[in-house]
Amino acid sequence: MAHDAPRDTGTAVLPALASALAHELVRRAEEEQRLMRQAQRNRTPGLRRRILDCRKDNAEALKAIVRRHAWPTADLVGAQASTAALMILLHAPELDFQLSCRDLIAQATADGRCPALHHAYIADHCAVELGQPQYYGTRIDPATFRPYPTRCPDTLDERRRDVGLAPLEEQMRMLRHGA
């Protein structure tokens, strides 16, 4: 599927197009969040199917954006839409697409066009999906309510601080108390 591979085109986007892309990304992420809130109240097979379909459609739309305009960085579509794109990516059904975007996000982070936090989330997501230890401890195993294994646990909180995350124990305390 080489035609689906994202690319970093470096091309400028007209402000009206950037605004339209931003609106579409935010709309799609909000629709999935709405469905997820509905599912928390009423878990049905039909609703589960709608969530999966929404995630698939969102991923296809994000693929088209990435193919045409590269990763939707904060400097391109704004911080809210860039975060919406990350949320869509984290729920996308294809790991190969996530891996390709992880690399684009890493480059955009290095260039200062994307928050380091975005790279932390997608890097950990991909590592866990590949059965590897995560680097920042952002993924929590829902079965055990503990973080998936991490690389170099002795320096984990330092890496977390570098990308704007609280120490892991603080995050876990907040999760346990529903904050």
Side-chain angles (χ1 to χ4, degrees), residues 1-8 25 28-29 32-33 35-36 39-40 43 45 47-67 70-73 82-111 113-176 178-179:
M1 280 205 235
H3 68 281
D4 282 341
R7 58 193 172 101
D8 190 352
L25 289 165
R28 286 179 172 280
E32 182 187 345
Q33 288 174 346
L35 290 171
M36 293 298 293
Q40 288 174 339
R43 296 172 195 238
L47 193 50
R48 178 158 169 70
R49 169 57 42 207
R50 285 178 56 203
I51 291 168
L52 293 174
D53 289 345
C54 178
R55 287 177 173 177
K56 183 177 179 228
D57 291 346
N58 286 353
E60 290 303 316
L62 182 58
K63 278 184 191 178
I65 290 169
V66 170
R67 267 195 312 267
W71 180 254
T73 57
S82 185
T83 298
L86 177 66
M87 296 294 93
I88 291 168
L89 180 63
L90 290 169
H91 296 152
E94 295 176 32
L95 181 58
D96 286 343
F97 177 59
Q98 292 170 330
L99 290 166
S100 296
C101 288
R102 176 200 62 190
D103 296 342
L104 290 177
I105 293 169
Q107 185 60 55
T109 298
D111 294 344
R113 297 178 296 119
C114 196
L117 190 59
H118 287 195
H119 181 256
Y121 278 109
I122 191 60
D124 278 358
H125 177 85
C126 291
V128 168
E129 293 302 310
L130 291 167
Q132 300 170 351
Q134 55 182 329
Y135 198 70
Y136 300 97
T138 62
R139 292 280 308 270
I140 307 299
D141 184 339
T144 64
F145 208 63
R146 298 181 58 145
Y148 286 99
T150 59
R151 290 184 175 112
C152 305
D154 293 342
T155 57
L156 176 63
D157 283 338
E158 184 179 327
R159 290 190 304 276
R160 290 175 61 87
R161 184 185 64 241
D162 289 347
V163 297
L165 289 166
L168 183 60
E169 188 51 43
E170 184 179 323
Q171 176 187 330
M172 296 307 299
R173 196 171 32 255
M174 288 173 32
L175 286 172
R176 284 190 293 271

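Note that the numbering runs from 1 along the sequence shown for the chain.
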[atom1] of [X] to [atom2] of [Y]: how many Å apart, nearest 0.5 Å?
X      : Y      : atom1 : atom2 : value
Ile88  : Glu60  : CD1   : CD    : 12.0 Å
Trp71  : Leu86  : CH2   : CG    : 6.0 Å
Tyr121 : Leu89  : OH    : CG    : 14.0 Å
Leu47  : Met36  : CG    : CE    : 9.0 Å
Arg48  : Leu35  : CZ    : CG    : 13.0 Å
Gln107 : Leu104 : CD    : CG    : 8.5 Å

Could you report the tightest heavy-atom contact between [X] and [Y], atom names first, then the distance?
X      : Y      : answer
Leu62  : Pro72  : CD1-CG, 4.0 Å
Ala29  : Ala84  : CB-CB, 3.7 Å
Ile140 : Met172 : CD1-SD, 3.5 Å
Thr109 : Ala116 : CG2-CA, 3.6 Å
Phe145 : Arg176 : CE2-CG, 3.9 Å

What pairs with Glu129 under salt bridge (Lys or Arg N to Asp or Glu O under 4.0 Å), at least two apart in sequence or on another chain?
Arg139
All salt bridge (Lys or Arg N to Asp or Glu O under 4.0 Å) counterparts of Glu158, not counting sequence neighbours
none
Is there a donor-acceptor pair under 3.5 Å between the side chain of [X] and the backbone N or O of [Y]?
X      : Y      : value
Asp157 : Leu168 : yes
Gln98  : Ala92  : yes
Thr150 : Gln134 : no

Counterpart residues, side-chain contact (heavy atoms from CB on, under 4.5 Å), relative to [X] (two or more places apart):
X      : result
Asp141 : Ala143, Thr144, Tyr148
Arg49  : Leu52, Asp53
Ala106 : His119

[X] side chain near [Y] side chain, heavy-atom distance below 4.5 Å:
X     : Y      : value
Cys54 : His91  : no
Leu90 : Met87  : yes
Thr73 : His118 : no

Trace of the side-chain contact (heavy atoms from CB on, under 4.5 Å) decision for Cys101 with Val66:
CA-CA 8 Å; Cys101 288; Val66 170; 4.3 Å; yes
Residue pair Ile122, His125: steps toward the side-chain contact (heavy atoms from CB on, under 4.5 Å) verdict:
CA-CA 5 Å; Ile122 191 60; His125 177 85; 4.3 Å; yes
Donor-acceptor contacts, no H, no angles, side chain residues 159-167, under 3.5 Å, sequence neighbours left out:
| from | atom 1 | to | atom 2 | distance (Å) |
| --- | --- | --- | --- | --- |
| Arg159 | NE | Tyr135 | O | 2.8 |
| Arg159 | NH1 | Cys152 | O | 3.3 |
| Arg159 | NH1 | Thr155 | OG1 | 2.6 |
| Arg159 | NH2 | Tyr135 | O | 3.0 |
| Arg159 | NH2 | Arg151 | O | 2.5 |
| Arg159 | NH2 | Cys152 | O | 3.4 |
| Arg160 | NE | Ala166 | O | 2.7 |
| Arg160 | NH1 | Tyr136 | O | 2.8 |
| Arg160 | NH1 | Gly137 | O | 3.2 |
| Arg160 | NH1 | Gln171 | OE1 | 3.2 |
| Arg160 | NH2 | Ala166 | O | 2.9 |
| Arg160 | NH2 | Gln171 | OE1 | 2.4 |

